[in-house]
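A quick write-up on the structure given underneath.
Here the structure is a predicted model, which means the values were calculated and not measured. Hydrogens, waters and symmetry mates play no part in the numbers below; they use all other heavy atoms, side chains included. The residues of the chain are indexed from 1 along the displayed sequence.
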Amino acid sequence: MSLIEALLLGLVQGLTEFLPVSSSGHLAILNNLLKIKETGLIFPVLLHAGTLAALFIAFRQDVKKLLLEGCKTVYDLLENVKIYFKNRHEQEAIRYKKLISNNYRKLLLLLLVSTLPTVFEGMLFQNLVQQAESNLLAPAVGLFITGIFLMIVDFFPAGKKIPKDVGYGTAFLIGIFQGIAVFPGISRLGLTLAVCLMCGFNRKFAVKYAFLTALPTILGATVWELIQLPGSKISAGTLGIYMAGAVIAGVIGCFCIPVMLQLVRKKKFSFFAGYCFLIGAVAAVCNFVL
């Protein structure tokens, strides 16, 4: 991989990761069209790290509150264990602390529930995903699927649900659909947003939830890929090229997330659906012509 190719892929990753148009689909299409040589696992790991850093920066206040409330929940849980034994030993009736006492605690639990099926599907479909990324037809089909979901969601009325109104079964369902997005062309953000809105989420909350679920998902994917890295041999020059692509992905992501948040919150999804159909059609034609 050349420096120009790494920068191009990093740019595309940073731009498309935070729009409902599938960054994996765009990268697969570019890799196949430009005949970019196999990069192994190191380059995807670094790209994930770049976009993960951008997400942490953009949602640092939410992440801070989620971590704080998570620690408080663990503390309250341990206190409840103490209360249980004290009540049992001393025949007391001390009231237990409420664990899910605010929206951020509920949101944290919902995010964890959504992550479980996503992680399972990612490991289950790993080999199929690698095969799908090696051609143009698979990402084309994935983009068509994304476009259909984005077209459908515009017909659903605006919902009003916020964290306290969302059930854990709904969070698990969202995680299942998010897991399907491991296939190139199927947008994780697009599918998650669509399912959230179909389930009656408030639009602003749906957008935030779709972005926040990316944090454990991308973090998990990065850790999983890192586990498989030991033994990989790479020169300092190649590593520098990969790092340049990752930095571009992160920097572009930092600048694009605020703009894209406003765009996704306000714009009809039919615009993004049309884009997915267009790129999918181009990829499908190239698959049979080239």
ask   = Is any side-chain heavy atom of S22 closer than 4.5 Å to a side-chain heavy atom of I186?
value = no

query = Is there side-chain contact between L193 and V153, with heavy atoms separated by less than 4.5 Å?
reply = no

request  = Could you tell me whether the side chain of E5 and the main chain of S2 form a donor-acceptor pair under 3.5 Å?
outcome  = yes

query = Which residue pairs pass the side-chain hydrogen bond (donor to acceptor under 3.5 Å, both in side chains) test with at least one member in residues 281-290, sequence neighbours excluded?
reply = none

message = I'd like to know whether V21 forms a side chain to side chain contact (heavy atoms under 4.5 Å, CB included) with I279, so could you lay out the CA-CA distance, the side-chain angles of the two residues, the decisive distance to 0.1 Å, and finally the verdict.
response = CA-CA 9 Å; V21 295; I279 300 300; over 6 Å; no

request  = Consider only side-chain heavy atoms of I, L, V, M, F, W and Y, link residues closer than 4.5 Å, and tell whether L191 and F120 are in one cluster.
outcome  = yes

ask   = Does a side-chain heavy-atom distance below 4.5 Å link E17 with I218?
value = yes

request  = Indicate the ring-plane relationship of F211 and F18, choosing parallel, tilted or perpendicular according to the 30° and 60° boundaries.
outcome  = parallel

request  = Please check if the side chain of H89 supplies one atom and the backbone of F85 the other of a donor-acceptor pair under 3.5 Å.
outcome  = no

inquiry  = Determine whether S24 and F183 satisfy the following criterion, side chain to side chain contact (heavy atoms under 4.5 Å, CB included), listing intermediate values before the conclusion.
reply    = CA-CA 8 Å; S24 63; F183 289 97; over 6 Å; no

request  = Could you tell me the separation between the OG1 atom of T73 and the CG atom of L78, rounded to the nearest 0.5 Å?
outcome  = 11.0 Å

ask   = Where do I174 and C196 come nearest, in terms of heavy atoms and distance?
value = CD1-SG, 3.7 Å

ask   = Counting N and O atoms only, with roles assigned by atom type, does the side chain of N32 sit under 3.5 Å from a partner on the main chain of I29, one being a donor and the other an acceptor?
value = no

request  = Verify, without hydrogens or angle tests, whether N135 (side chain) and A138 (backbone) share a donor-acceptor contact under 3.5 angstrom.
outcome  = yes

task = Flag yes if L189 and F271 sit in one hydrophobic cluster, no otherwise; membership is Ile, Leu, Val, Met, Phe, Trp, Tyr, and two members link when side-chain heavy atoms are under 4.5 Å apart.
result = yes

request  = Following the transitive rule for hydrophobic clusters with a side-chain heavy-atom cut-off under 4.5 Å over Ile, Leu, Val, Met, Phe, Trp and Tyr, establish whether M151 and F144 coincide in one cluster.
outcome  = yes

task = Over all heavy atoms of both residues, which pair between T118 and G179 is shortest? Give the atoms and the distance, please.
result = OG1-N, 3.8 Å

ask   = Considering only heavy atoms from C-beta outward, does the side chain of L107 approach that of L212 to under 4.5 Å?
value = yes

key: Aromatic ring proximity, centroids under 6.0 angstrom, H48 and Y242   = no

inquiry  = Students often mix this up, so state it plainly: with edges at 30° and 60°, are the rings of F272 and F269 parallel, tilted or perpendicular?
reply    = tilted

query = Is the backbone N or O of L110 less than 3.5 Å from a side-chain atom of Y209, with the two atoms forming a donor-acceptor pair by type?
reply = yes

query = Is M243 atom CE crowded by more than 12 heavy atoms from other residues, nucleotides or ligands, each under 6.0 Å away?
reply = no

query = Side-chain contact, heavy-atom cut-off 4.5 Å: P20 with L150?
reply = yes

task = Answer yes if L116 and L215 sit in the same cluster of Ile, Leu, Val, Met, Phe, Trp and Tyr residues linked by side chain heavy atoms under 4.5 Å apart, and no otherwise.
result = no

Spacing of Y84 atom OH and I94 atom CD1 [to the nearest 0.5 Å] = 14.0 Å

request  = Would you give the length of the straight line joining atom OG1 of T146 to atom CZ of F277, rounded to the nearest 0.5 angstrom?
outcome  = 9.0 Å

inquiry  = side chain to side chain contact (heavy atoms under 4.5 Å, CB included), that's the test. Do I257 and F59 meet it? Break it down for me.
reply    = CA-CA 10 Å; I257 288 176; F59 291 93; 4.2 Å; yes

query = Could you give all pairs that pass the salt bridge (charged side-chain N to carboxylate O under 4.0 Å, His left out) test and reach residues 42-64, with sequence neighbours left out?
reply = D62-K208

message = Using only atom types and a distance under 3.5 Å, with no angle test, would you say the side chain of N31 pairs donor to acceptor with the backbone of I36?
response = no

request  = Find the distance between OG (S270) and OH (Y275) and round it off to the nearest 0.5 Å.
outcome  = 15.5 Å

ask   = What pair of heavy atoms forms the shortest contact from V259 to F255, and how long is it?
value = CG2-O, 3.9 Å

inquiry  = Quick check for you: to the nearest 0.5 Å, what is the distance between L46 atom CG and I241 atom CD1?
reply    = 12.5 Å

ask   = Quick one: NZ on K72 to CG on L99, what's the gap to the nearest 0.5 Å?
value = 14.0 Å

message = Minimum heavy-atom separation for A244 and L3, please, with both atom names.
response = CB-CD1, 3.8 Å

query = Would L11 and L7 satisfy side chain to side chain contact (heavy atoms under 4.5 Å, CB included), going step by step from the backbone distance to the final call?
reply = CA-CA 6 Å; L11 175 65; L7 294 176; over 6 Å; no

ask   = Which residues satisfy the side-chain hydrogen bond (donor to acceptor under 3.5 Å, both in side chains) test with E69, sequence neighbours excluded?
value = N102, R105

ask   = Is the backbone N or O of Y96 less than 3.5 Å from a side-chain atom of N80, with the two atoms forming a donor-acceptor pair by type?
value = no

Atom of F201, atom of T170 and distance for their closest heavy-atom approach = CE1-CG2, 4.0 Å

ask   = Is there a chain of hydrophobic side chains (I, L, V, M, F, W, Y, each step under 4.5 Å between heavy atoms) that links I162 to V113?
value = no

ask   = If you look only at pairs with a residue in residues 185-197, which of them pass as a side-chain hydrogen bond (donor to acceptor under 3.5 Å, both in side chains), with sequence neighbours excluded?
value = Q178-R188, R188-T213

query = Under 3.5 Å, side chain of K106 to main-chain N/O of P163, donor-acceptor pair present?
reply = yes

message = Whether the side chain of T16 engages the backbone of V12 through a donor-acceptor N/O pair (distance < 3.5 Å, no angle test) should be reported.
response = yes

message = Using a 3.5 Å distance criterion without hydrogens, assess whether the side chain of K97 forms a donor-acceptor pair with backbone atoms of E79.
response = no

message = Which residues pass the side-chain hydrogen bond (donor to acceptor under 3.5 Å, both in side chains) test with Y168, not counting sequence neighbours?
response = none

Shortest non-hydrogen separation from L47 to A249 and the atoms involved = CD2-CB, 4.0 Å

inquiry  = List the residues meeting side-chain hydrogen bond (donor to acceptor under 3.5 Å, both in side chains) with T238, not counting sequence neighbours, and say none if there are none.
reply    = S235

